[in-house]
Amino acid sequence: MKPAVADRIHAAAMALTALGTIAFWIVFYTSGENHVREDEVYFAFEHSFVLADSWMALFFLLAAWNLVRARPIATLFGICAGAMMLFLGSMDLLFNLQQHTFAVMSEAMIAECVIVAYSWVFGPVTVWRMWGHPLRREGE
């Protein structure tokens, strides 16, 4: 079964999301250009995301890989990855609201806002799309 155009586009978006997540952490630990703040509280919070972001990226890659191959397991990986993304985006949003980090709109903070907004859109869209996908019913 050849994947639909929408599936190929969604798979590409999932793969790019995973690669973007990996790139975020490479920059975070090398140049630090994406640091919103430079204090202990911020670094403790950010460092708590590495493992969860890694799992999310892995699940997005697995979902993308299996979706373009029209394998039913793609739906499970996609639903999990989308839910993880919404959860992680929510944690970021609440931390930034509680810490009043939005008050200083640096380039890094603007990027953080984009990440949170993307998480709140792409995560639920992925869950919704994978939940209703015909492949999910094939896997039952």
Side-chain angles (χ1 to χ4, degrees):
M1 180 170 132
K2 185 177 176 184
V5 172
D7 287 343
R8 289 195 303 270
I9 291 169
H10 194 185
M14 288 190 282
L16 288 173
T17 298
L19 296 174
T21 302
I22 294 164
F24 174 90
W25 287 111
I26 290 170
V27 170
F28 189 88
Y29 282 109
T30 57
S31 72
E33 290 178 23
N34 54 1
H35 293 175
V36 171
R37 298 176 4 192
E38 297 293 331
D39 59 272
E40 189 176 320
V41 171
Y42 170 75
F43 285 118
F45 176 74
E46 285 297 326
H47 290 149
S48 68
F49 274 75
V50 178
L51 182 59
D53 274 1
S54 298
W55 274 108
M56 181 193 69
L58 175 63
F59 274 55
F60 270 130
L61 289 172
L62 290 169
W65 177 265
N66 285 289
L67 186 59
V68 296
R69 283 155 184 76
R71 295 180 182 150
I73 193 71
T75 60
L76 175 63
F77 288 131
I79 290 167
C80 291
M84 284 186 258
M85 178 173 244
L86 180 59
F87 175 80
L88 293 167
S90 298
M91 295 295 294
D92 260 344
L93 176 64
L94 287 178
F95 176 82
N96 288 311
L97 286 171
Q98 291 170 350
Q99 295 291 312
H100 308 287
T101 312
F102 291 117
V104 180
M105 270 300 149
S106 63
E107 284 183 25
M109 193 63 228
I110 291 169
E112 181 76 14
C113 290
V114 169
I115 290 168
V116 169
Y118 184 74
S119 298
W120 271 62
V121 172
F122 191 67
V125 164
T126 296
V127 170
W128 171 79
R129 190 164 186 282
M130 292 294 95
W131 182 259
H133 201 285
L135 284 174
R136 188 177 68 81
R137 289 181 287 285
E138 284 181 27
E140 294 174 345

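Note: hydrogens, waters and symmetry copies are ignored here, and every other heavy atom, side chains too, is used.
In terms of the side chain to side chain contact (heavy atoms under 4.5 Å, CB included) criterion, residue partners of Trp65 (sequence neighbours excluded) are, by chain and number, Arg69, Arg71. With sequence neighbours left out, the side-chain hydrogen bond (donor to acceptor under 3.5 Å, both in side chains) criterion links Thr75 to no other residue. Residues passing the side chain to side chain contact (heavy atoms under 4.5 Å, CB included) test with Leu93 are Leu97, Phe102, Val116, Trp120, sequence neighbours excluded. Residues passing the ring pair (Phe, Tyr, Trp, His ring centres under 6.0 Å) test with Phe45, sequence neighbours excluded: Phe49, Phe95. The side chain to side chain contact (heavy atoms under 4.5 Å, CB included) check on Ser54 picks up Val50, with sequence neighbours excluded. Take Trp131 and apply the side chain to side chain contact (heavy atoms under 4.5 Å, CB included) test, not counting sequence neighbours, and it matches Ile79, Arg136. In this view, Tyr118 and Phe122 satisfy the ring pair (Phe, Tyr, Trp, His ring centres under 6.0 Å) rule, not counting sequence neighbours. Qualifying ring pair (Phe, Tyr, Trp, His ring centres under 6.0 Å) partners for Phe59, counting only residues two or more places apart in sequence or in other chains: Trp55, Phe77.
Sorted by first and then second residue, the salt bridge (charged side-chain N to carboxylate O under 4.0 Å, His left out) pairs with a member in residues 108-117 form an empty list; sequence neighbours excluded. Under the salt bridge (charged side-chain N to carboxylate O under 4.0 Å, His left out) criterion, the residue pairs touching residues 122-135 are Asp7-Arg129, with sequence neighbours excluded. Sequence neighbours left out, the pairs with a member in residues 11-40 that pass salt bridge (charged side-chain N to carboxylate O under 4.0 Å, His left out) are Arg37-Asp39.
Distance alone, capped at 3.5 Å, places no donor-acceptor pair between the His10 side chain and the Ala6 backbone.
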Quiz: residues 18-30 side-chain donor-acceptor pairs under 3.5 angstrom, not counting sequence neighbours:
from	atom 1	to	atom 2	distance (Å)
Thr21	OG1	Thr17	O	2.8
Trp25	NE1	Asp53	OD2	2.8
Thr30	OG1	Ile26	O	2.6

- Item | Derivation of the side-chain contact (heavy atoms from CB on, under 4.5 Å) call for Met109 and Val104 | CA-CA 7 Å; Met109 193 63 228; Val104 180; over 6 Å; no
